[in-house]
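Before any comments, here is the structure.
As the structure lists them, so they are numbered: ligands from 1, and atoms in each ligand from 1.
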Amino acid sequence: MHVLVVNAGSSSLKLCIVEPATGARAAESTVERIPAGGHQAALEGALPALLASGGVKLAAVGHRVVHGGELFTSPTHLDDAVTDAIRGLIPLAPLHVPANLAGVAAARAVLPDVPHVAVFDTAFHATLPNRARRYALPLALAEKHGIRRYGFHGPSHKYVAERAAEHLGAALEELRIITCHLGNGASATAVEYGRSVETSMGMTPLEGLVMGTRSGDVDPGVLLHLVRQEGLDADGLDRILNKESGLAGLSGIGNDMRDIEEAAANGDDRCRAALHAFCHRLRKYIGAYAAVMGGVDAIVFTAGIGENSALVRHRTAQRLEFLGARLDEELNRDCEVTRDAPVVEISPPHARCRILVVKTDEAHAIARDVARMVLDLGAVGAHKPIPIAVSARHVHLTQDAVKALFGPDGKLTPRKWLSQPGQFACEERVTLHGPRGSIERVGIIGPVRRDCQIEVSRTDEYALGLDAPIRRSGQVANSPGITLQGPAGRLTLEEGVVQAWRHIHMQPEDAEHYGVKDGDVVSVAVDSEARDLVFGDVLVRVKSSYLLEMHIDTDEANAADLNAGDAGMLALTRGTVRLLRKDVTHAEV
Ligand code: AMP
């Protein structure tokens with residue numbers, strides 16, 4: 001089983017056919033100097049040879065997409081609507097996103113019959129808490145332009161953190177790790193118990209550490225000063241900050257750390273200063289992130305400089321003893337990471353904070369994400385686990401209902417794409433008024449449907465004063481009515497309130513795997529951390545466009561102690577379910 005990983009830059013195209021389970025490459029190819037609009041020709045030229053490599057069985061294509069903005073916080077199936085939504089993010093990364101989309105368009109045209117999945121650089125950092133996300137700018141201005149910290153290098157930070165946890169023999173959820181991705185672009189991330197809680201790159205990949213040619217942090221007042229004193233405009237500042245700064249600007253001899261180290265060793269003062277500034281900035285971030293997490297169990301160095309420069313690691317790790325982090329100089333000097341031996345520990349035995357060098361592999365990281373999504377790589381025999389999505393109360397609306405609630409020009413605005421293809425949570429919200437009480441700010445799931453449907457939990461029904469039947473989606477006949485309130489008006493429905501019949505979406509291959517068919521009713525065991533539970537009466541729904549996933553409501557999730565995450569609707573939880581047996585026959589599947 002293979003995944004083609006496409007990394008499309010403005011003038012280059014990196015293609016890599018990866019076996020997701022191991023990271024082994026079946027074939028790779030890089031096309032440089034592609035003219036504008038030439039991605040498809042480049043792909044058509046390179047692909048036949050790649051696919052002809054022995055034994056390639058292409059299951060999906062994974063696309064690296066640099067920016068997911070607020071909309072995309074997990075790998076997402078690429079269809080036309082999702083591609084359009086990504087196009088809307090171009091202002092956030094005007095150089096990268098158009099190139100990424102050119103790669104998507106080219107690959108979808110050449111390989112129309114396999115699923116295409118976008119993997120976002122920003123997604124791993126979607127867990128940044130608000131306090132870490134915000135710039136202290138006027139809120140209205142920040143919201144208008146989507147100005148906040150998003151973070152980048154997500155697949156790499158996640159990958160090396162996972163690798164580090166494996167090496168340490170502990171669950172990622174039990175560790176506080178600082179990952180330092182030091183390549184031409186460089187960023188550090190605080191991974192607290194498996195979640196990114198701070199990261200050094202911000203709205204763009206310009207903030208944070210000293211990089212090859214990028215400045216990283218500068219006093220914003222410096223920019224004003226340059227505008228005033230040098231008469232620089234946006235393009236001029238862009239060039240200086242992105243292309244002429246960082247190691248290149250400081251050293252005067254370019255951005256290659258190998259050259260800088262060599263020149264510094266030969267007494268070049270500028271190069272020594274560049275090296276010192278690079279390591280100082282990084283050490284400062286490590287200290288800050290240890291404070292953010294209240295401690296640190298491991299520091300990970302990765303990417304071109306992190307994996308190869310013993311000197312940078314040595315200088316950075318100086319004075320970190322107070323964190324319990326110390327280098328074994330010999331291990332550091334002799335360290336060599338390879339694809340076969342990707343983790344080397346360079347701290348002494350029993351160190352309180354371990355220091356690791358981990359070989360990153362972004363293509364493998366992307367392939368794994370794609371495989372987890374498309375193929376459910378976690379499958380093991382008949383007990384292939386099923387991801388759970390928790391549905392908070394929500395409504396589905398018709399076009400007419402949208403107009404009644406949000407005005408004649410009202411429409412549903414995607415806020416977040418959900419895991420089932422084509423479905424999205426909307427910016428818009430409504431209030432539900434029942435005979436006993438009301439519930440405000442209820443989410444809407446788009447796109448519009450033929451009938452309105454209001455899905456609530458049993459607890460919600462008590463609050464509203466209703467008694468709604470348990471139904472499969474779409475079956476609203478003879479259900480209670482309700483009044484919806486939007487900013488532009490009220491709408492009273494004669495029927496439409498249901499409790500969703502808990503169900504599993506699956507593709508025909510999954511159904512075959514479990515030995516079930518559409519409409520079957522099964523039991524599933526929920527393997528949660530604190531309250532394992534077996535649900536009976538679970539409906540099986542089979543369709544080739546579905547993604548394997550069990551949907552339960554918030555009452556059901558609470559009973560099994562599963563958290564929906566702060567995003568609310570249909571957020572994937574960490575729990576998984578195992579299909580146990582058919583309810584009707586009680587036969588083991
Ligand atoms: P990346 O963007 O991850 O490919 O990393 C590129 C950076 O890694 C460049 O600045 C290289 O100079 C640096 N690099 C690669 N090998 C070494 C090495 N042996 N010592 C120091 N820096 C290195």
Side-chain angles (χ1 to χ4, degrees), residues 5 7-14 16 23 25 28 30 32 64 66 95-96 99 121 152-161 163 179-189 199-201 205-206 208-216 242-266 268 270-279 281-282 300-317 327 329 331-339 341-344 346 356-366:
V5 177
N7 186 349
S10 54
S11 64
S12 71
L13 182 69
K14 289 190 189 143
C16 193
R25 306 298 204 266
E28 27 193 339
T30 301
E32 307 270 10
R64 180 178 183 200
V66 160
L95 291 182
H96 293 101
D121 254 45
F152 296 86
H153 290 145
S156 177
H157 287 293
K158 180 172 167 218
Y159 184 82
V160 297
R163 279 268 140 121
T179 49
C180 309
H181 177 108
L182 312 175
N184 234 331
S187 65
T189 294
T199 191
S200 60
M201 284 177 168
L206 186 51
L209 304 177
V210 176
M211 306 180 218
T213 59
R214 283 174 248 165
S215 62
N242 277 303
K243 298 267 187 282
E244 298 173 3
S245 297
L247 291 170
L250 287 169
S251 73
I253 66 159
N255 64 340
D256 195 314
M257 186 58 100
R258 283 165 292 203
D259 300 338
I260 293 168
E261 284 186 16
E262 196 182 322
N266 292 328
D268 183 312
R270 281 186 66 175
C271 288
R272 281 169 61 179
L275 195 57
H276 292 186
F278 184 93
C279 298
R281 179 90 53 92
L282 178 58
V300 174
F301 289 92
T302 191
I305 299 172
E307 290 166 24
N308 295 300
S309 174
L311 183 64
V312 165
R313 296 191 299 257
H314 164 82
R315 291 205 69 90
T316 304
L327 274 190
E329 293 300 344
L331 292 177
N332 181 43
R333 224 176 13 250
D334 296 343
C335 159
E336 198 178 320
V337 284
T338 62
R339 225 174 249 156
V343 185
V344 172
I346 56 172
L356 305 176
V357 182
V358 180
K359 188 165 181 60
T360 193
D361 187 343
E362 284 168 298
H364 185 198
I366 290 170

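Looking only at protein heavy atoms, the nearest one to atom 11 (C) of ligand 1 is D256 OD1, 3.7 Å. Closest protein heavy atom to atom 3 (O) of ligand 1: G304 N, 2.9 Å. Nearest non-hydrogen protein atom to atom 13 (C) of ligand 1 is I305 CG1, 3.5 Å. Among protein heavy atoms, the minimum distance from atom 20 (N) of ligand 1 is reached at R258 CG, 3.5 Å. For atom 22 (N) of ligand 1, the nearest non-hydrogen atom of the protein is M257 CB, 3.5 Å. Of the protein's non-hydrogen atoms, N308 CB, 3.4 Å is the one closest to atom 17 (C) of ligand 1.
Residues F278 and L250 are not in side-chain contact: their nearest non-hydrogen atoms beyond the backbone lie 4.5 Å or more apart. Residues T213 and N242 fail the side-chain proximity criterion, which asks for heavy atoms closer than 4.5 Å. Side-chain atoms of D361 and P342, non-hydrogen and from C-beta on, never get closer than 4.5 Å to each other. For the pair K14/R64, no side-chain contact is recorded, criterion being any heavy-atom separation below 4.5 Å from C-beta on. E336 is not listed as a side-chain neighbour of V344, based on a closest heavy-atom distance of 4.5 Å or more.
Panel note: side chain R313, backbone N332; a donor-acceptor pair is recorded below 3.5 Å. For the pair R333 (side chain) and A310 (backbone), a donor-acceptor distance under 3.5 Å is absent.
Listed by number with element, the atoms of ligand 1 under 4.0 Å from a non-hydrogen atom of N184 are 1 (P), 2 (O), 5 (O), 6 (C). Every atom of ligand 1 with a heavy atom of S309 under 4.0 Å away is listed here by number and element: 21 (C). Interface atoms of ligand 1 facing G183, defined by a heavy-atom separation under 4.0 Å, are 1 (P), 2 (O), 3 (O), 5 (O).
Dense packing is recorded around CD of E329, with more than 12 heavy atoms of other residues, nucleotides or ligands lying under 6.0 Å away.
Inclusion of G185 in the set of residues having an N or O under 3.5 Å from an N or O of ligand 1 is not warranted.
Distances from atom 5 (O) of ligand 1 to the protein include at least one heavy-atom value under 4.0 Å.
Only the backbone of N255 comes within 4.0 Å of ligand 1, counting heavy atoms alone; no side-chain atom from C-beta on gets that close.
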